[in-house]
Amino acid sequence: MASQEIIVIKIGTSSITDIKSGVDYKTINLLAKAVAELKAEGHTLVIVSSGAMSLGICKLGLDHAHSGNVAYKQALTSVGQVSLMNAYDNIFKYYGYSVGQVLITHKGLDDKERNDCIKGTFENIFKLGVIPVVNANDTVTSEELAYGDNDSLSARVAVLLQAQKLIFITDAGGFYDKDPHLDSSAKLIERVTDIDDYIYSLAGESSTKVGLGGMKSKVEAARICMDDKVRLLITGKKEISKLGNLYDSDVKIKGTWFY
Ligand code: GLU
């Protein structure tokens, strides 16, 4: 059995929400099952979940195509964050776990005193056996909402907690040499050991309507992870059910490893 590790799993808006019906309960259920399996092996789990803005739009019956200013989006996330946490709370309960909402910002991580508070909160959440569900505190900052930066936020959380692994669940399902949504000849790159100009050149902008992060922010997150020896896996929603077998060498999870 693998030694006990700290694993951060980040799930993006387009994986966790359905543009018409709101929360994708089936996906959260698969995630909760995988988390419970990894917890049973003694690992420590952290979830970083986007989706608040999209769920706020769904809850209020608004149109995803309508764009507003940052304060408008912040108001929407305040609504959607409630739906998001309700879904995690109810589904994880079924697997015997309580969840804790942790809302943080880059500025909070930059500031020594706040950074210590964040760390202390995580340490005690772990002691309580609770699963932290992290999102950006969108009310107090405009940066994350504007640039879709839950990706680098999760990389910084992984570094802060000295996690061994960060897993991104994205609609792209991995890092490709071309945009797989636009070009069916796109090939999956299974391993990246050096983030050079070629890798940067492959990372385009986000191509989904509801998610804010794209491959560019994933590569940026990978750079933060590689500097601190955190292994990053970019994978897709279809692979969630295999995550519980992450340490089983017979199980192949489709995606891209950066290390
Ligand atoms: N915090 C935003 C939300 O929950 C998402 C930010 C991101 O996707 O990076 O909607």
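Order of appearance sets the numbers: ligands from 1, and atoms from 1 within every ligand. No hydrogens, no waters, no symmetry mates; every other heavy atom, side chains included, goes into these values.
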Novice: Taking N124 for the side chain and G120 for the main chain, is one N or O donor matched with an acceptor at less than 3.5 Å?
Specialist: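 Judged by distance alone, yes, a pair lies under 3.5 Å.
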Novice: Under a 4.0 Å N-O cut-off, is there an ion pair linking K218 with D151?
Specialist: yes
Novice: Considering S54, G80, S50, which one's heavy-atom position lies nearest to atom 7 (C) of ligand 1?
Specialist: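 Going through S54, G80, S50 one by one, S50 has the nearest heavy atom to atom 7 (C) of ligand 1.
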Novice: Is there side-chain contact between N115 and D110, with at least one heavy-atom pair below 4.5 Å?
Specialist: no
Novice: Measuring only between side-chain heavy atoms, which start at C-beta, is L233 closer than 4.5 Å to F168?
Specialist: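 No, every pair of side-chain atoms sits at 4.5 Å or beyond.
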Novice: Closest heavy-atom contact between T170 and S15?
Specialist: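 Heavy atoms only, the tightest pair is C-OG, 3.6 Å.
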Novice: Please determine if G51 has a nitrogen or oxygen closer than 3.5 Å to a nitrogen or oxygen of ligand 1.
Specialist: yes
Novice: Would you mind listing which atoms of ligand 1 come within a distance below 4.0 Å of any non-hydrogen atom of A52?
Specialist: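 Those qualifying, in numeric order: 3 (C), 4 (O), 10 (O).
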Novice: At under 4.0 Å between heavy atoms, is it the side chain or the backbone of D138 that contacts ligand 1, or both, or neither?
Specialist: side chain
Novice: Could you go step by step and tell me if D183 and Y176 meet the side chain to side chain contact (heavy atoms under 4.5 Å, CB included) rule?
Specialist: CA-CA 10 Å; D183 192 334; Y176 286 79; over 6 Å; no
Novice: Taking distance alone, with no angle check, do S49 and ligand 1 share an N/O pair under 3.5 Å?
Specialist: no
Novice: Where does L153 meet ligand 1, judged by heavy-atom distances below 4.0 Å: at the side chain, the backbone, both, or neither?
Specialist: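 Looking at L153 and ligand 1, no heavy atom falls under 4.0 Å.
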Novice: Any nitrogen or oxygen of D151 lying under 3.5 Å from a nitrogen or oxygen in ligand 1? Just yes or no.
Specialist: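 No; the residue has no nitrogen or oxygen that sits under 3.5 Å from a nitrogen or oxygen of the ligand.
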